[in-house]
**Q** 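Pasting a structure below so you can have a look.
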2 protein chains.
Amino acid sequence: MNDSGSPTLEQVAALAGVSRATVSRVVNGSPKVLPHTVAAVERAIGQLGYVPNRAARALVTRRTDSVAIVVPEPDSRVFSDPFFAGILRGVSHTLAPTSSQLVLLIEPAEGDDQRLLRYLRGGHVDGAIIVSHHGRDNVLQELAQLPLPIVFSARPLGVDVPVASVDVDNVEGARKAVEYLLSIGRRRIGTIAGPLDMTAGLDRLTGYQDVAREAGMTEAVAFGDFTPDGGEQAALRLFDEFPDLDGLFVANDLMATTALRVLSQRGRKVPADVAVVGFDDSVMATTTTPKLTTVRQPIEKLGARLAEILLAKIAGAELTSPEVYPTELIVRDSA
Amino acid sequence: MNDSGSPTLEQVAALAGVSRATVSRVVNGSPKVLPHTVAAVERAIGQLGYVPNRAARALVTRRTDSVAIVVPEPDSRVFSDPFFAGILRGVSHTLAPTSSQLVLLIEPAEGDDQRLLRYLRGGHVDGAIIVSHHGRDNVLQELAQLPLPIVFSARPLGVDVPVASVDVDNVEGARKAVEYLLSIGRRRIGTIAGPLDMTAGLDRLTGYQDVAREAGMTEAVAFGDFTPDGGEQAALRLFDEFPDLDGLFVANDLMATTALRVLSQRGRKVPADVAVVGFDDSVMATTTTPKLTTVRQPIEKLGARLAEILLAKIAGAELTSPEVYPTELIVRDSA
DNA sequence: TTGTAGGCGTTATCAC
DNA sequence: GTGATAACGCCTACAA
């Protein structure tokens, strides 16, 4: 034991009667060590409760064995978002069998970008996963150009260099929702869209518009901000302007819940008068009355892929293209 | 520049025309350096874009400047829980101005406790915040006894050594809810409780029972698992057994949402026939119809305190007692 | 197959 | 106030 408590390679070596180098080889699984020696060393390691000192190792290998998951926006909503939770789960699950640790990096306050960038540039992590919702031009662009393996969750808006990213096909998901509404006989379908500075907002609106155009349907759009309140306001405006809608596609479940309430307050039955489809398949989808028909994304899988891609890039792979996964329509009672 | 890109102390020293030691002093804000020297060094640092190498520093200081937030259960629900998100937010906000980084540690699979313990024992972090929901006897106890500054979010069940913890007063919160129901004239009040291996479940039930006893009211309890489905089942059972309840306290909002639906299906008006109070004040509380009256906890503040206490312990403070914060009743439409 | 020795970038303890 | 210099614990040629 040294002063601070943890045994060192040196002590293991002494106990096992070999050199530091040999212990190091055993620890790192080098194939060219005699079984007999390995056993002796492992016994010593067990006896001493030896754990390699990460700092010392990082100093010489220049690998930190840790990756960052970066949330480059102070917006506290990101956190409460079940999407973020799912990504985290997928990422951490994939990283678990690895020796890599997950470091959480959050922009503490608006405009404190430099802190993040400095950290990432400082060689404190081997790579980073960026989970950003808004198209924050500068930061995202700078992140994308960092001399560090990087992968984005969701194609970053306003970044003009090729980057690795994994995302769900939001356009296709929205299409599915609207086409389903069409298939059950709805003809005047409106949408509550999300902010256009978020890929989710932008792409889901695009999907709606594509189908509307193909079906020769007039567009009926109101914008919300993905929050319940925003959804309520948007629903109010939408139905004021287009009172005769018989179908509604809402860009996320959170807004859909309050849209449902607006409808019920106006005496319009769901799904009889207006069929409603949400997006996300969050917990809330099953707590509303009626239960929400919605578009599900394979969130955890996205998280897993994010981690896999990052690991591959760290290992030297050249990956700089988007990867897109399909969604699935979950039919419940609202449509 | 060395091979790997980052400039070192040595290079800064050379450029500034001073010794490594002096640069180190400047970097660490030592007071005894001439202003003139400081300026020269800082200029050099700026020019080179020098960033201290964390590994090298950690190796000699034996401080890692990072703290872990550990979730010692594979249960994926922990993550989706808005409570966890809030804690994370509070912690990271408090840590931001510090040089400390946040490392996320999750038990990847049931029974893989040793991995966590080994990591924490390995001196990879300066301290740890434990966010555990279930009373997982062994692990929690072992965590509590680690030779490392530790603080628990929520008093850990089944740990028999004194530990630092911060929590909300769940008993008092439940009392407030039930007393409020009493105050608006309800006399037959039931509760949907959470699992008893979670402090939140246990304490909230205790609060209900205390008030029931004091008011001479018969207890009417059904147990759920804090999920929407569990809440639905519990509500079904509860109202089958006690059809005449006129008040209901549900141990969390998630279960309250489905309880609301059960009530509506049975034709019982809320709040006219049955007044309902939830717990958490989650997003869902405002998306239900009617909006949920609920008990709010200062989650973000809890997270902040968690970080503050940990930082203090790392700095040497001896803190091994629980800290408890009050809740607030948010009256909306359901009661 | 195993040991020797040098160095990774910092901080800390001395002198000066 | 500043500069040598010795650790810190580990990996990795290179030599044996």
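Note that these values count all heavy atoms, side chains included, but never hydrogens, waters or copies made by symmetry.
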**Q** May I have the list of side-chain donor-acceptor pairs in residues 38-52 of chain B shorter than 3.5 Å, sequence neighbours left out?
**A**
none

**Q** Using the test side chain to side chain contact (heavy atoms under 4.5 Å, CB included), find all partners of B:Leu34 that sit at least two apart in sequence or belong to another chain.
**A**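 If we apply the side chain to side chain contact (heavy atoms under 4.5 Å, CB included) test to B:Leu34, skipping adjacent residues, the hits are B:Thr37.
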
**Q** Which whole-number value in Å describes the distance from A:Gln11 CD to D:dC8 C1'?
**A**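 Taking atom C1' of D:dC8 as the reference, CD of A:Gln11 is at 13 Å.
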
**Q** Got a sec, which pairs hit ring pair (Phe, Tyr, Trp, His ring centres under 6.0 Å) with one end in residues 102-126 of chain A, sequence neighbours left out?
**A**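 Matches after skipping sequence neighbours: A:Tyr119-A:His124.
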
**Q** With A:Asp126, which residues qualify under side chain to side chain donor-acceptor pair (under 3.5 Å), at least two apart?
**A**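 With sequence neighbours excluded, A:Asp126 shows a side chain to side chain donor-acceptor pair (under 3.5 Å) to A:Arg63, A:Thr64, given in chain and number order.
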
**Q** Return the set of residues passing side chain to side chain contact (heavy atoms under 4.5 Å, CB included) with A:Ser92 (not counting sequence neighbours), or none when no residue passes.
**A** A:Leu102, B:Phe79, B:Ile106

**Q** Can you list, in residue-number order, the parts of residues 34-44 of chain B that come under 4.0 Å of DNA chain D, counting heavy atoms only?
**A**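 Heavy-atom cutoff 4.0 Å gives B:Leu34, B:Thr37.
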
**Q** Taking 4.0 Å as the cut-off, does a side-chain nitrogen or oxygen of A:Ser19 come that near to OP1 or OP2 on C:dG3?
**A** yes

**Q** Run the salt bridge (Lys or Arg N to Asp or Glu O under 4.0 Å) test against A:Arg305 and tell me which residues pass, sequence neighbours left out.
**A** A:Glu308, A:Glu323

**Q** Got a sec, which residues hit side chain to side chain contact (heavy atoms under 4.5 Å, CB included) with A:Ala14, two or more places apart in sequence or on another chain?
**A** none

**Q** Return the angle between end axes of the helix from C:dT1-D:dA16 to C:dC16-D:dG1, with five pairs used per end and rounding to 10°.
**A** 30°

**Q** Using atom CZ of B:Arg63 as one end and atom P of C:dT11 as the other, report the distance to the nearest whole Å.
**A** 13 Å

**Q** Using the test side chain to side chain donor-acceptor pair (under 3.5 Å), find all partners of B:Ser99 that sit at least two apart in sequence or belong to another chain.
**A**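 With sequence neighbours excluded, B:Ser99 shows a side chain to side chain donor-acceptor pair (under 3.5 Å) to B:Asp65, given in chain and number order.
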
**Q** Grab the CG-P distance between B:Leu59 and C:dG7 for me, whole Å please.
**A** 17 Å

**Q** Please list, chain by chain and in numerical order, all residues satisfying side chain to side chain contact (heavy atoms under 4.5 Å, CB included) with A:Ala58, sequence neighbours excluded.
**A**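 A:Ala58: side chain to side chain contact (heavy atoms under 4.5 Å, CB included) contacts with B:Ala55.
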
**Q** Can you find a heavy atom in the side chain of A:Leu59 that is under 4.5 Å from one in the side chain of B:Asn53?
**A** yes

**Q** Between atom CZ in A:Arg54 and atom C1' in C:dG9, what is the gap in whole Å?
**A**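 Value for this atom pair: 18 Å.
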
**Q** Taking the side chain of B:Lys32 as heavy atoms from C-beta outward, which of D:dG3, C:dT1, D:dG1 is closest to it?
**A**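 Nearest to the side-chain atoms of B:Lys32, counting from C-beta on, is D:dG1.
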
**Q** If the sugar-phosphate is the primed atoms plus P, OP1 and OP2 and the base is the rest, what is the B/S/- string for nucleotides 11-16 of chain D, using protein heavy atoms under 4.0 Å?
**A** BBB---

